[in-house]
Amino acid sequence: MASVRVTVCLPAKAADDIQGALDEALAPFYLDTDDNPVDRGMWDSRRIVGGSDGTGFTVVSGHENDPRLVHDDPSYDGTPCPNAPGVCAGGPRALLDFSQPLAASERAAAASWDLWHRLTAVHPPAVPLADFVDRWWNDPDAFPDDRRGDNMFAAYRNQPLIRAFLDHPHSLRRGNLSFPNPAEHPVITHDGDRDAYIRRLTSPYPPSTDVLTLDGWWLEGGSNAVHATCDPSQCPHERPGPTVWPGSEAYLASLPGDTVLVRLRGHV
C-alpha cells in the first residue's frame, strides 16, 4: 500500500458538515468499489491529518482559536489529535497563512519541545533507551526470551515520562523503538536550545500535496489529472495543466477566501 497526501478543496457551504462534504467529494475516487473505474481509484482509507504534526496549514495570526479551523481526526486508537498552536488541518482559505511556507512545521516542532519540557517538570527522569538496549544485549536475565526486543522496548516506553510524551500527538512520533536502529526521540538527545531544536526538526521544504479541486479534478503532483465524472481513458474534458507545481500551496493560496481546504493522508 502506498501513502498519498491530498488537499481537498470544498465550497463554503461545506463548513457546516466537513465530513459529509469530504465523503461526497472523494466518493468518485474510492478504490474499493465496482461503481468507479479502476483507473480513477485514488484512495481506500483516509484521515484528516496536518494540524497536530505540522504538515497542515499555518493559521493567520489572531485566528488561532477560530471554531472554523479543522483539527485532525483521532488516531487509530481513538486518541484525540488537537492542533499544535498556530497550526491546523484546514479551514476557510482566508484563515490560512501562505506567506510563511515553513511556519506550520516550525510551530509543530516548537510544540514538541514545549511538551517535553512541561512533562519533565512533573514526571521522574527516565532511564535512557541506550541503557535498556545495553541490558537486552548483555544481561541474559534482564529480558529473557525477548528475541526481537519487544519486551525491552515496551519496558522503556512504559516509563511515565516517556509514555506521556510519546502518547501525545505533539511528540511528532519521532524516534525509533525497534531494531536494527533504535533511537531516542530527538528532543531527548538534543544538545542545544529551543531555537536550535526547532531548526533541526523543521521540514526544509514547503508542503506539496495532490489537490482535489472544487470542480472535481484530482491533480497528482501536477503530472496527472483525473476527473470525478469520467472514465480516465475516455475523459473528453480539457485537463488542467501542472502550472502550480512544484508547490501546490501556490494554487491553494489563489482560491477564494471562503473555500474550505482540508489536508488528508490516505492509502491507495
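Each residue takes its place number in the sequence, starting with 1. Everything numeric in this text was worked out from a predicted model, so none of it was measured.
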Audit row: Leu166, Leu177, side-chain contact (heavy atoms from CB on, under 4.5 Å) steps and yes/no:
CA-CA 11 Å; Leu166 296 184; Leu177 299 187; 3.9 Å; yes
Using 30° and 60° as the class boundaries, would you call the ring planes of Trp217 and His227 parallel, tilted or perpendicular?
tilted
Taking the side chain as everything from C-beta on, heavy atoms only, tell me whether Pro232 gets closer than 4.5 Å to Pro37.
yes
State plainly whether one hydrophobic cluster holds both Val8 and Val70, where clusters connect Ile, Leu, Val, Met, Phe, Trp and Tyr through side-chain heavy atoms under 4.5 angstrom apart.
yes
Distance-minimising heavy-atom pair for Ala110 and Ile198
CB-CD1, 3.6 Å
Any donor-acceptor N/O pair, Ser248 side chain to Asp210 backbone, under 3.5 Å:
no
Output side-chain donor-acceptor pairs under 3.5 Å for residues 9-20, partner residues at least two apart or in another chain, one line each.
| from | atom 1 | to | atom 2 | distance (Å) |
| --- | --- | --- | --- | --- |
| Asp17 | OD1 | Gly20 | N | 2.9 |
| Gln19 | NE2 | Asp73 | OD1 | 3.1 |

Contacts of Arg68 meeting salt bridge (charged side-chain N to carboxylate O under 4.0 Å, His left out) (sequence neighbours excluded), chain-then-number -> Asp66
Salt bridge check, Asp72 against Arg263: does any charged N sit closer than 4.0 Å to a carboxylate O?
no
A side-chain contact here means heavy atoms from C-beta on lying under 4.5 Å apart; do Pro85 and Arg107 qualify?
no
Could you tell me if Arg47 sits above the aromatic ring of Tyr76, with its cationic atom closer than 6.0 Å to the ring centre and no more than 45 degrees from the axis?
yes
Arg174 side, atom CZ; Ile188 side, atom CD1 - distance, nearest 0.5 Å:
13.5 Å
Could you pull out all residues at least two apart from Ala94 that satisfy side-chain contact (heavy atoms from CB on, under 4.5 Å)?
none
Side-chain heavy-atom pair Arg5, Pro207 within 4.5 angstrom cut-off
no
What's the shortest heavy-atom distance between Gly56 and Ala104, and which atoms?
O-CB, 4.1 Å
Under 4.5 Å between side-chain heavy atoms, hopping through other hydrophobics if needed: is there a path connecting Leu261 to Val211?
yes
Do Val60 and Leu252 belong to the same hydrophobic cluster, where Ile, Leu, Val, Met, Phe, Trp and Tyr are linked whenever their side-chain heavy atoms lie under 4.5 Å apart, directly or via other members?
no
Drop me the distance from Thr209's OG1 to Glu249's CD, to the nearest 0.5 angstrom.
6.5 Å
Taken to the nearest 0.5 Å, the spacing of Ile162 CD1 from Leu119 CG works out to 9.5 Å
Are Arg46 and Asp23 ion-paired here, with the side-chain N under 4.0 Å from a carboxylate O?
yes
Dump the intermediate steps for side-chain contact (heavy atoms from CB on, under 4.5 Å) on Cys81 and His71, then the final yes or no.
CA-CA 7 Å; Cys81 295; His71 292 254; over 6 Å; no
In residues 125-137, what donor-acceptor pairs under 3.5 Å come from side-chain atoms, sequence neighbours left out?
| from | atom 1 | to | atom 2 | distance (Å) |
| --- | --- | --- | --- | --- |
| Asp134 | OD1 | Asn138 | ND2 | 2.8 |
| Trp136 | NE1 | Asp146 | O | 2.7 |

Taking the side chain as every heavy atom from C-beta outward, state whether Leu22 and Ile48 have any pair of such atoms under 4.5 Å apart.
yes
N/O donor-acceptor pair under 3.5 Å between His170 side chain and Leu115 backbone
no
Nearest heavy-atom neighbours spanning Asn83 and Ala89
OD1-N, 3.8 Å
I'd like to know if the side chain of Glu24 and the backbone of Ala21 have a donor-acceptor N/O pair within less than 3.5 Å.
no
Side-chain heavy atoms nearer than 4.5 Å, only ILVMFWY residues, links allowed to pass through others: does that put Phe98 and Leu214 together?
no
Sequence neighbours excluded - side chain to side chain donor-acceptor pair (under 3.5 Å) pairs with any residue from residues 113-130
Asp114-Arg194
Check this for me: Tyr205, atom OH, are more than 12 non-hydrogen atoms of other residues, nucleotides or ligands nearer than 6.0 Å?
no
So, does Ser105 use its side chain to make a donor-acceptor pair with the main chain of Ser203 at under 3.5 Å?
yes
Mark yes or no for whether Asp32, through its side chain, and Asp44, through its backbone, hold a donor-acceptor pair below 3.5 Å.
no
Please tell me if the side chains of Leu26 and Leu212 come closer than 4.5 Å, counting only heavy atoms from C-beta onward.
yes
Interatomic spacing from OG1 in Thr55 to CG in Asp53 - rounded to 0.5 Å:
3.5 Å
Does CG in Asp145 sit with more than 12 non-hydrogen atoms of other residues, nucleotides or ligands closer than 6.0 Å?
no
Any donor-acceptor N or O pair under 3.5 Å, side chains Thr213, Tyr251
no
Between atom CZ of Arg148 and atom CZ of Phe143, what is the distance when rounded to the nearest 0.5 Å?
15.5 Å
Quick check for you: to the nearest 0.5 Å, what is the distance between Asn36 atom CG and Met42 atom CE?
12.0 Å
Can Tyr156 be reached from Val187 by stepping across I, L, V, M, F, W or Y side chains whose heavy atoms are under 4.5 Å apart?
yes
Enumerate the ring pair (Phe, Tyr, Trp, His ring centres under 6.0 Å) contacts for residues 4-35, please, sequence neighbours excluded, ordered by first and then second residue.
Phe29-Trp218, Tyr30-Trp43
Compare every heavy atom of His190 with every heavy atom of Asp193, then report the nearest pair and how far apart it is.
O-NE2, 3.1 Å
Under the 3.5 angstrom rule, does the side chain of Glu64 hit a backbone N or O of Gly62 as a donor-acceptor pair?
yes
For the student: nearest non-hydrogen atoms of Phe179 and Gly149, plus distance
CE1-CA, 4.1 Å
